Structure formats: C-alpha cells, structure tokens
Amino acid sequence: MEKGLLAAGLGPVKWQVEIDPFCRAVLERHNPDARRLIDVRKCGRRNLDHVGIVCGGPPCQDISKAGPKTGIWGARSCLWFEMLRIICELRPQWVVVENSAALLVRGGAEILRGFAESGYDAFWRVIPAYELGAPHERERLYIIAHSNQVHGETWLGDFSYYAEAILKKHQGQCSPIWMETADQFIGVDDGIRGRVYRYRAGAVGNAVVPQITRMIGEMIMAFEGQVEET
C-alpha cells in the first residue's frame with residue numbers, strides 16, 4: 001500500500017508492523033528508513049510515532065470466500081480491532097483500509113461503525129484490478145476514513161466528488177509493468193527452493209495493486225489541495 005501512496009506524493013513511511021519474516025524483509029528492502037515492529041498487539045502510542053495516514057488491513061483468512069467465513073470476528077481477522085485501537089490512540093487525519101471484497105458482508109458494517117464511534121467518517125468502494133486495466137480480477141474493498149475533528153462531518157461529500165473523478169480518470173490506465181504473470185515475479189517451483197516459492201506466493205497474495213493506492217493518494221491530495229485553496 002505504501003508504494004502507491006508514496007508515488008502520489010505522500011510520505012515518508014515512518015513505521016510498519018508485520019509479523020511475517022519474509023514480508024517484513026520485503027518491506028525493509030523498499031522502506032529501509034522506516035522502523036519495523038512485529039506484533040500489532042504490542043504496538044500503540046507508547047512505541048509508534050504520530051503519522052498523518054495509517055494504512056493497512058487485518059488478515060483476510062476469516063473474511064475471504066476461501067476461508068472459514070467468520071469475518072472480522074475470526075481468530076486472525078479480529079486483529080482489525082487492534083488496528084482500530086492504534087487509530088484511536090494516534091488520531092491520524094486519514095486511514096486507508098484494504099481487504100477482500102467479501103468484507104462487505106463479513107464485518108464491513110462493524111468497521112464503519114467503529115470509525116463513526118471513534119470520530120471518523122468514511123468513503124468506501126470495491127475497486128477491482130481490472131478496473132485499472134490489469135488482466136485479473138483481484139476485487140478488493142478500500143475504505144478511506146478521515147477524522148471529523150479536522151474538517152467536520154461535511155468533508156465526505158467533497159471527497160466523494162474528487163474520488164469519483166479520479167477513479168474515472170484512471171480506468172484502464174494500469175501500467176504495463178504490472179501486467180506480468182504471477183510466474184514471472186514469483187518464480188517457478190523447481191523443487192529446490194520450494195519454501196522460498198511458497199513465501200513469495202503468499203506475499204503476492206497479501207499485496208495490493210500499487211496503482212490503486214496511488215490513485216487513493218491522489219484523491220487525498222486533491223481533497224487536501226481544495227481545502228487549502230478555500
């Protein structure tokens with residue numbers, strides 16, 4: 001998610017929380033100056049710097065169509081409530097949440113309720129990868145929340161206007177560099193490095209299309225720009 005937000009002009013990345021060692025190594029390669037912590041349950045105001053944007057998403061195993069379908073109350077996806085706790089402690093202006101589109105029926109309303117009770121309002125939309133021209137579906141729900149303490153509860157209408165305009169602008173515009181097949185950037189399991197293959201495949205499964213988060217970053221920048229002008 002950070003790759004796209006940075007490309008839109010937001011940043012720098014101050015810290016990241018990732019429990020998987022392989023994924024943490026990938027994050028370190030791309031964000032060498034950021035602090036990395038391991039367990040979201042042990043993070044909060046005491047050890048995280050204040051930031052303007054918090055982005056992330058709970059594990060999708062309990063949310064996706066292939067899992068137990070227990071939603072954000074499941075054994076792994078319930079880490080959403082740790083993320084919400086951190087949001088309440090740090091009070092960032094913006095929050096970007098990403099997950100399987102199945103979150104719409106497996107806890108999406110609970111997430112929106114948590115934001116509302118915490119002083120945030122939210123714009124949300126399912127944005128599939130093919131909407132930007134990629135050759136695969138990858139339907140994901142993106143929730144963009146903003147603190148009502150900054151611009152009040154009237155911000156959502158203006159933000160929705162910019163969001164829809166930017167979505168329309170980017171339809172079918174996915175860069176060819178992201179049109180590679182999975183085998184090209186995961187590699188082929190030759191039986192020798194099967195463990196690395198599995199790690200890389202899992203990491204790709206966790207990833208998002210960076211053009212989408214760049215587009216979200218542009219939405220935020222466009223909204224903030226018009227607020228400054230007025």
Side-chain angles (χ1 to χ4, degrees), residues 1-6 8 10-20 23-24 27 31 34-63 71-101 103-104 106-127 140-156 158-160 163 206 208 212-213 216-217 219-221 223-224 227:
M1 294 180 77
E2 297 91 317
K3 184 178 179 66
L5 294 174
L6 287 168
L10 299 167
V13 178
K14 289 190 176 182
W15 46 263
Q16 297 167 314
V17 184
E18 174 57 61
I19 201 166
D20 182 273
C23 293
R24 197 164 58 247
L27 293 176
N31 305 275
R35 287 181 60 228
R36 261 158 297 281
L37 298 95
I38 296 174
D39 191 339
V40 71
R41 296 168 296 181
K42 299 178 181 177
C43 295
R45 185 166 47 200
R46 63 183 178 82
N47 58 358
L48 296 175
D49 294 334
H50 176 76
V51 289
I53 301 176
V54 168
C55 67
C60 67
Q61 286 88 345
D62 304 308
I63 297 169
I72 61 168
W73 304 274
R76 301 184 71 172
S77 299
C78 68
L79 288 177
W80 152 253
F81 297 101
E82 297 292 341
M83 182 175 175
L84 180 61
R85 173 186 56 79
I86 290 171
I87 291 165
C88 291
E89 291 183 14
L90 297 185
R91 304 302 306 177
Q93 290 187 28
W94 295 92
V95 182
V96 182
V97 178
E98 177 272 348
N99 215 284
S100 164
L103 181 61
L104 281 172
R106 299 195 180 110
E110 178 68 20
I111 288 179
L112 294 176
R113 185 174 72 85
F115 274 132
E117 291 179 349
S118 304
Y120 288 81
D121 206 348
F123 170 91
W124 59 269
R125 187 153 188 240
V126 173
I127 307 176
R140 295 293 184 268
L141 175 67
Y142 291 86
I143 302 173
I144 307 164
H146 184 51
S147 171
N148 289 333
Q149 296 175 359
V150 180
H151 299 304
E153 297 181 5
T154 61
W155 73 274
L156 188 56
D158 288 339
F159 182 84
S160 298
N206 289 340
V208 304
I212 294 179
T213 51
I216 290 171
M219 295 175 186
I220 293 172
M221 296 283 280
F223 174 79
E224 292 286 10
V227 169

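Keep in mind that this is a model prediction, so the values were computed, not measured.
Taken from CD in Gln16 to CG in Leu48, the straight-line distance is 11.5 Å, to the nearest 0.5 Å. In this structure, CD in Glu89 is found 13.5 Å from NE2 in His50, a value given to the nearest 0.5 Å. For the atom pair Asp121 CG and Leu112 CG, the distance stands at 8.5 Å (nearest 0.5 Å). Distance check: Tyr120 OH to Leu156 CG gives 15.0 Å after rounding to the nearest 0.5 Å. Distance check, rounded to the nearest 0.5 Å: CG of Leu5 to CD1 of Ile53 gives 6.0 Å. Annotation: the span from Leu79 atom CG to Arg41 atom CZ amounts to 6.5 Å, rounded to 0.5 Å.
At least one side-chain heavy atom of Trp15 sits less than 4.5 Å from a side-chain heavy atom of Val51. Between Leu84 and Ser118 there is a side-chain heavy-atom pair separated by less than 4.5 Å. When side chains are defined from C-beta on, His146 does not count as touching Phe159, because their heavy atoms never get closer than 4.5 Å. Residues Arg35 and Leu37 form a side-chain contact, since some pair of their non-hydrogen atoms from C-beta on lies under 4.5 Å apart. Taking 4.5 Å as the limit, every side-chain heavy atom of Val208 sits out of range of all side-chain heavy atoms of Ile212. With a 4.5 Å cut-off on side-chain heavy atoms, Val54 and Val96 do not count as touching.
Although no hydrogens or angles enter the test, the distance criterion places no donor-acceptor pair under 3.5 Å between the side chain of Arg125 and the main chain of Ala163. A distance-only check finds a donor-acceptor pair linking the side chain of Asn99 to the backbone of Pro58 [under 3.5 Å]. With hydrogens and angles ignored, the 3.5 Å screen pairs a side-chain donor or acceptor of Asp62 with a backbone N or O of Arg76. Judged purely by atom type and a 3.5 angstrom limit, Ser77 has no side-chain atom pairing as donor or acceptor with the backbone of Ile72. The backbone N or O of Cys23 sits less than 3.5 Å from a side-chain atom of Asp20, completing a donor-acceptor pair. Remark: the backbone N or O of Trp73 is not paired with any side-chain donor or acceptor of Arg106 at under 3.5 angstrom. Under the 3.5 Å distance criterion, the side-chain polar atoms of Asn47 are matched with a main-chain donor or acceptor of Lys42.
Counting heavy-atom neighbours within 6.0 Å of Arg36 CZ, excluding the residue itself, gives a total above 12. Residue Arg91 places its CZ atom among more than 12 non-hydrogen atoms of other residues, nucleotides or ligands, all under 6.0 Å distant.
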message: With ring pair (Phe, Tyr, Trp, His ring centres under 6.0 Å) as the criterion, how do Phe115 and Trp124 come out once you've worked through the C-alpha distance, each side chain's angles and the decisive distance to 0.1 Å?
response: CA-CA 12 Å; Phe115 274 132; Trp124 59 269; over 10 Å; no

task: Might you work through the side-chain contact (heavy atoms from CB on, under 4.5 Å) test for Val97 and Tyr142, ending with a clear yes or no?
output: CA-CA 6 Å; Val97 178; Tyr142 291 86; over 6 Å; no

task: Could you walk me through whether Gln149 and Gln93 pass the side chain to side chain donor-acceptor pair (under 3.5 Å) test, one step at a time?
output: CA-CA 8 Å; Gln149 296 175 359; Gln93 290 187 28; over 6 Å; no

Full working for side-chain contact (heavy atoms from CB on, under 4.5 Å) between Ile144 and Ile216: CA-CA 8 Å; Ile144 307 164; Ile216 290 171; 3.7 Å; yes

message: Before you tell me yes or no, could you show the steps for Ile87 and Met83 under side-chain contact (heavy atoms from CB on, under 4.5 Å), namely the whole-Å CA-CA distance, both residues' side-chain angles and the distance that decides it to 0.1 Å?
response: CA-CA 6 Å; Ile87 291 165; Met83 182 175 175; 4.1 Å; yes

query: Passes side-chain contact (heavy atoms from CB on, under 4.5 Å), Leu141 versus Ser100? Steps please.
result: CA-CA 6 Å; Leu141 175 67; Ser100 164; over 6 Å; no

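Closest approach of Gly44 and Arg85 over heavy atoms only: CA-NH1, 4.0 Å. Residues Ala122 and Ile143 come closest through the heavy atom pair CB-CG2, 3.8 Å. Nearest approach of Leu6 to Pro12, heavy atoms of both residues: CD2-CA, 4.2 Å.
The six-membered or imidazole ring of Phe223 lies near that of Trp94, with a centre-to-centre distance under 6.0 Å.
Under 4.0 Å is where a charged nitrogen must lie from a carboxylate oxygen, and between Glu98 and Arg140 at least one such pair does.
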